[in-house]
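Below, each value reflects all heavy atoms present in this structure, side chains not excepted, and no hydrogens, waters or symmetry copies. In what follows, chains are A, B, ... by sequence order, proteins preceding strands, each numbered from 1.
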Protein chains: 4
Amino acid sequence: MTTEFQSSKPIYMQIVDRIIIDILQEKQILGDKLPSVREKAVQIGVNPNTIQRAYSELERMSVVETRRGQGTFVIENSHLLDELRLSMQTEVINEYVKKMKEIGITKQQMISELQHYLKEED
Amino acid sequence: MTTEFQSSKPIYMQIVDRIIIDILQEKQILGDKLPSVREKAVQIGVNPNTIQRAYSELERMSVVETRRGQGTFVIENSHLLDELRLSMQTEVINEYVKKMKEIGITKQQMISELQHYLKEED
Amino acid sequence: MTTEFQSSKPIYMQIVDRIIIDILQEKQILGDKLPSVREKAVQIGVNPNTIQRAYSELERMSVVETRRGQGTFVIENSHLLDELRLSMQTEVINEYVKKMKEIGITKQQMISELQHYLKEED
Amino acid sequence: MTTEFQSSKPIYMQIVDRIIIDILQEKQILGDKLPSVREKAVQIGVNPNTIQRAYSELERMSVVETRRGQGTFVIENSHLLDELRLSMQTEVINEYVKKMKEIGITKQQMISELQHYLKEED
DNA sequence: GTGGTCTAGACCACA
DNA sequence: GTGGTCTAGACCACG
């Protein structure tokens, strides 16, 4: 809600988010190979360098490991899923609270309105 | 979190959001005159047409009214604030629930984790 | 000594090393601004992107911080120097021990030969 | 640590180092025949001229001798090993001291930190 | 001006 | 084939 204009997240970070969500939803299985840099690049229509950067970031986050000449693989770590879920969850909650504050919702209401919304949804 | 790339909201809608938040935070008083299209345009460095479009949208939403030869005014309506707050709130909650679902958080947890976060914040 | 051929460290990492050494030798004062990306690029004759990457790496290592529109600054942290020195020292010792092992020098000799060399140097 | 960029040692010198290490580690026995220039070239995927140059350098260093029509042989000289070891050792110590100086480690520490490191390793 | 991101296209090492 | 690095040149947001 803060004025952002063209900003939005960098493409490579959006790709990082997308891949993490795929892992959490088990569309990307632990230990499996991600598409090659070039393949993924044509698949989603960006420059290979952008994918490269996304994969590097994922490696820095210890989500994937790269084996030279073989490819990029999701790390097989039973804790990985929980850690990823937790960090993304914190980010989402953070954003929620920030935006609600901005429009003048009290903490009490942040909870009660959410409860009400979820009840309606059923 | 949904892959959007360059997209993000159109600029004029971001300006609409910004003005609504200003009203909710009483930086824009009910009944008061908004800056002229030209003035606002230079203020935030955007084409006057973009501001014009934002003001039109605000008029369509019955948030402002334009008086020929005088300018654009925030409608003096005590219910307005509540309505605006409600619609923005719904949007924010919507987004929160969608993203939490995406990373596999249950409805129960959506509430309990939020409560936990707000408690920590104090 | 292990066969490396063209390998050698990537240029951007060599730049990182160089800057860290400059900091340790106080040629780069804590809190001071590094040359701009473009300036440094022409200075040492590489592409600005390569400098950019070096600066990013330094930021990741918490050695510098970047202030948007202002530049890249060495972090003012009294512990920084000691930490940097320690990590580089470990790297150098590591390499020393590995190479000495390779040519069949015993641990005892790794120390005594070094002592002998340093005595000669005076 | 010294800025070198693309440089690194010439390939033929790296091959020289490799062969000397093989001799020191007794993977290449004294008096034995080295692989032919052509054989070695395909073995490590390099131009035969590069191997030729490496062998010449080894001959200049009195490490091997070439017998016309027979091949290149490691010289059978009991002192050879010690001499090689010594010269490589000096090179390694040299580099160690230079780098440690560069990051501001005192001579005392160059020894004590090494001792500490070797103790840890056990 | 500053740093940050992105594209296009190249070359390298490893397998 | 794979990932990793580098150049060239462009556009953006921030101050």
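Taking atom CG of C:L58 as the reference point, atom C1' of E:dG3 lies 14 Å away to the nearest angstrom. Atom-to-atom, CD of C:E59 to C1' of E:dT2 comes out at 13 Å; the value is rounded to the nearest Å. Between A:K9 atom NZ and F:dA13 atom P the separation is 18 Å, expressed in whole Å. Regarding A:I15, its CD1 atom lies at a distance of 13 Å from the P atom of E:dT5, rounded to whole Å. Between A:K33 atom NZ and F:dG1 atom P the separation is 12 Å, expressed in whole Å. In this structure, CZ of C:R53 is placed 18 Å from P of E:dG3, rounded to the nearest angstrom. Going from atom CG of C:L34 over to atom C1' of E:dG4 covers 16 Å, rounded to whole Å. C:Q70 has its CD atom 19 Å from the P atom of F:dA13, to the nearest Å.
Here E:dG4 is the nucleotide among F:dT5, E:dT5, E:dG4 with the atom lying nearest to any side-chain atom of C:T66. Relative to the side chain of C:S36, the nucleotides F:dC6, E:dC6, E:dT2 differ in distance, and E:dT2 lies closest.
Looking at heavy atoms from C-beta onward, C:D17 lies in side-chain contact with C:K9 at the 4.5 angstrom threshold. Put simply, the side chain of C:Y55 reaches to within 4.5 Å of the side chain of C:V37, judged on heavy atoms.
Checked for salt-bridge contact, A:E65 and A:R67 meet the test: a charged N lies under 4.0 Å from a carboxylate O. Contact check on A:K99 versus B:E91 returns no salt bridge, with no Lys/Arg side-chain nitrogen under 4.0 Å from an Asp/Glu carboxylate oxygen. A salt bridge is defined here as a Lys NZ or Arg NE, NH1 or NH2 lying under 4.0 Å from an Asp or Glu carboxylate O, and C:E95 with C:K98 fails to meet this definition.
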Quick one, B:M88 with A:E102, criterion side-chain contact (heavy atoms from CB on, under 4.5 Å). Give me CA distance, side-chain angles, the key distance, then yes/no.
CA-CA 10 Å; B:M88 300 213 68; A:E102 223 170 24; over 6 Å; no
Mind running side chain to side chain donor-acceptor pair (under 3.5 Å) on D:Y117 and C:N94 for me, showing each step along the way?
CA-CA 9 Å; D:Y117 177 93; C:N94 231 314; 3.0 Å; yes
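If you run side-chain contact (heavy atoms from CB on, under 4.5 Å) between B:I51 and each of B:V46, B:I19, B:V42, only B:V46 comes through.
The phosphate of F:dG3 has neither OP1 nor OP2 within less than 4.0 Å of any side-chain N or O from A:R67. Residue A:Y12 has no polar side-chain atom (N or O) positioned under 4.0 Å from OP1 or OP2 of E:dC6. Regarding contacts with the backbone of E:dG3, a side-chain N or O of C:T72 is found under 4.0 angstrom from either OP1 or OP2. The side chain of C:Y55 places no N or O atom within less than 4.0 Å of a non-bridging phosphate oxygen (OP1 or OP2) of E:dG3.
DNA chain E lies under 4.0 Å from at least one heavy atom of each of the following residues of residues 39-52 of chain C: C:N49, C:Q52.
Annotation: side-chain hydrogen bond (donor to acceptor under 3.5 Å, both in side chains) contacts involving residues 23-41 of chain C, sequence neighbours excluded, comprise C:Q25-C:K27.
The nearest heavy atom of DNA chain E to A:M13 and to A:R68 marks one nucleotide each, and the one closer to the 5' end goes with A:M13.
Atom CZ of D:R53 is surrounded by 12 or fewer heavy atoms from other residues, nucleotides or ligands within 6.0 Å.
Using a 4.0 Å heavy-atom distance criterion, A:R38 is classed as a base contact.
End-to-end axis angle for the helix from E:dG1-F:dC14 to E:dC14-F:dG1, using five pairs per end and rounding to 10°, comes out at 20°.
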